[in-house]
Amino acid sequence: GQRIVVSINATPVPREGYRIGVPSAGFYEEIFNSDSELYGGSNSGNAGGIPADAIGAHGKEHSVEVTLPPLATVLLKERAV
């Protein structure tokens with residue numbers, strides 16, 4: 001199965017540098033961002049994806065540091081290594 005990390009920012013404040021625990025090392029491709037200009041948003045996001053860091057968060061050994069646009073949903077798909 002494929003792993004997808006879903007992040008929702010339900011506040012009107014952008015969250016930059018927000019750390020989220022992920023299940024494993026690797027690259028996490030941004031496959032959906034509701035703040036994309038395609039949907040009338042400001043296009044704030046994660047430049048297509050981000051690598052996981054060996055920094056623990058939320059009970060996981062790895063994490064990603066993401067930009068969460070205001071009032072938006074971001075989906076990151078774990079890319080097979």
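A salt bridge (Lys or Arg N to Asp or Glu O under 4.0 Å) check over residues 6-16, counting only residues at least two apart or in different chains, returns nothing.
By the 4.5 Å side-chain criterion applied to Ile, Leu, Val, Met, Phe, Trp and Tyr, Ile55 is assigned to no cluster and stands alone.
The shortest distance between side-chain heavy atoms of Leu75 and Val5 does not fall below 4.5 Å. Residues Asn9 and Pro69 are not in side-chain contact: their nearest non-hydrogen atoms beyond the backbone lie 4.5 Å or more apart.
When hydrophobic clusters are built by joining Ile, Leu, Val, Met, Phe, Trp and Tyr residues whose side-chain heavy atoms come closer than 4.5 Å, directly or via intermediates, Leu76 is not grouped with Phe27.
Evaluation of the side chain to side chain contact (heavy atoms under 4.5 Å, CB included) rule for Pro70 yields Pro14 as partners, not counting sequence neighbours. Residues satisfying the side chain to side chain contact (heavy atoms under 4.5 Å, CB included) criterion with Lys77, sequence neighbours excluded, are Gln2, Ile4, Ile31. In terms of the ring pair (Phe, Tyr, Trp, His ring centres under 6.0 Å) criterion, residue partners of Phe32 (sequence neighbours excluded) are, by chain and number, Tyr39. By the salt bridge (charged side-chain N to carboxylate O under 4.0 Å, His left out) test, Glu65 is found to be paired with Arg19, residues two or more places apart in sequence or in another chain being considered. For Asn46, the side chain to side chain contact (heavy atoms under 4.5 Å, CB included) test picks out Glu30, Ile50, Val66, Thr67, Val74, with sequence neighbours left out. Every residue two or more places apart in sequence or in another chain that forms a side-chain hydrogen bond (donor to acceptor under 3.5 Å, both in side chains) with Ser42 is listed here: Asp35.
For the residue pair Ile20 and Ser7, the shortest heavy atom distance occurs at CD1-OG, 3.0 Å. Between Ala52 and His62, the closest heavy-atom pair is CB-CB, 4.4 Å. Lys60 approaches Pro23 most closely through the heavy-atom pair CD-CA, 4.4 Å.
Note: Leu68 CG to Thr11 OG1 = 9.0 Å, rounded to the nearest 0.5 Å. Ser63 OG to Tyr28 OH: the interatomic distance, rounded to the nearest 0.5 Å, is 10.0 Å.
A distance-only check finds no donor-acceptor pair linking the side chain of Asn43 to the backbone of Ser36 [under 3.5 Å]. Remark: side-chain polar atoms of Thr73 are not paired, donor with acceptor, to backbone N or O of Ile8 under 3.5 angstrom.
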